[in-house]
Amino acid sequence: MVDSQLKEKVSFSRDTLDVYGDAHPKALLRCIVEDGDHLKSLESQHIFSSDQFSKDTLLQLFRLAAKYESNPERFSTPLKGKILISAFYEPSTRTRLSFESAWHRLGGDIMSITDRATTGIAKGESLGDVAEMFNNYGDCVVLRDSSENSVQEMMDSLRIPIINAGNGIDEHPTQALADLYTIYKWRPELLERSGKKIKVGIIGVPNKMRTVRSLLKLFSFFPEVFEEIVIIHDGSSNLIFDDNQREQLESRGLKLTLTTKFSAVLPELDVVYINAIAWVGNDYESFGESFVLNDQSPLKKDAIVLHPLARGDELDASLDETPHNWYFAQARGAVFLRMALLTCMCQRMERVMDVI
Ligand code: CP
């Protein structure tokens with residue numbers, strides 16, 4: 001590499017405000033009246049599914065996340081002395097590191113396991129017994145496991161809270177929380193009666209992708225916000241939804257439609273959520289490989305693109321430098337959202353409510 005190229009590379013900007021999608025979270029604070037009582041239910045719950053929340057709990061969680069995000073220099077250390085057991089038995093960049101970043105920012109300590117073969121599980125130890133030990137070693141568990149049942153198996157023996165950080169094709173509730181938090185930061189007025197409804201396109205498979213399954217459940221707490229949710233699929237499978245999945249969402253007031261006409265529907269969408277992989281068993285499967293978003297895609301001028309990441313060819317890097325890129329903000333905001341959730345689950349709300 002010649003010197004001038006290297007010089008250009010070693011100089012970088014720390015200014016995150018240059019990054020697209022960095023809406024000011026203070027706008028969200030103005031749209032949600034504080035009522036911390038709704039967060040108390042989180043003190044005595046494991047987080048397994050998006051179904052567990054209530055609309056009020058979600059709004060207050062977003063408010064607390066926005067408070068953290070608005071005051072990055074004013075964090076107290078409410079989790080000082082607390083220990084997180086971070087157990088990720090499946091690859092993860094964002095979820096593990098953002099949970100660990102959130103916990104560190106709140107002043108706690110972490111024990112991290114990234115391979116179940118380094119625990120007694122490799123010797124046949126039951127998840128129940130491992131959970132019993134976790135009770136003695138930590139104050140909260142975050143678990144990613146490709147088995148759909150592991151979180152529930154551990155819940156039976158745990159006396160400390162556990163958070164499902166992705167269980168096979170089933171759910172990924174905290175990803176969905178981060179996704180919806182991003183949408184409300186983008187358009188806080190959606191939370192006011194006067195806000196215009198939005199049309200969301202989901203390029204993904206609701207019965208195979210845990211992020212999509214959990215997000216649709218969260219959407220269903222706010223049917224008044226969504227004009228329509230369009231599921232864009234490639235027509236290769238008739239099984240887009242599990243039994244009752246669509247019916248349940250529609251019974252809660254969501255208007256769901258399906259299409260294979262990707263290019264035709266794109267110009268109508270306010271939010272485009274794209275994902276192309278699902279973690280199935282010990283490997284991933286790709287879906288909708290013919291769908292690619294890039295800077296030439298016919299997106300509405302002010303449409304935003306979300307992606308849970310990791311991305312493949314479906315999300316071209318040419319979109320990164322456009323105002324449609326809210327997927328990096330989505331990943332960034334997840335730290336603050338997880339800080340809010342962890343603070344509540346570890347019964348340390350009173351230490352932050354008056355401080356931040
Ligand atoms: N969104 C998400 O779950 O990313 P990771 O797999 O990197 O954790």
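Nothing fancy with the numbering, it's 1 onward along the sequence. Heavy-atom basis, side chains included; hydrogens, waters and symmetry copies ignored. These numbers were taken from a predicted model, which means no experiment stands behind them. One-based numbering, in listed order, for ligands and for the atoms of each.
With salt bridges taken as basic N to acidic carboxylate O contacts below 4.0 Å, one links R159 and E132.
Protein residues having at least one heavy atom under 4.0 Å from any atom of ligand 1 are P91, S92, T93, R94, T95, R144, H172, Q175, P308, L309, listed by chain and number.
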List, one per line, each side-chain donor-acceptor pair under 3.5 Å for residues 256-264, sequence neighbours excluded.
from, atom 1, to, atom 2, distance (Å)
T257, OG1, E228, OE2, 2.6
T259, OG1, K261, N, 2.9

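Both tests hold for R338 against F99: distance to the six-membered ring centre under 6.0 Å, angle to the ring axis within 45°.
In this model, a donor atom of one side chain and an acceptor atom of the other lie less than 3.5 Å apart for D234 and S236.
The ring of F219 has its center no closer than 6.0 angstrom to the ring center of Y273.
Atom CG of residue D179 and atom OG of residue S214 lie 9.0 Å apart, to the nearest 0.5 angstrom.
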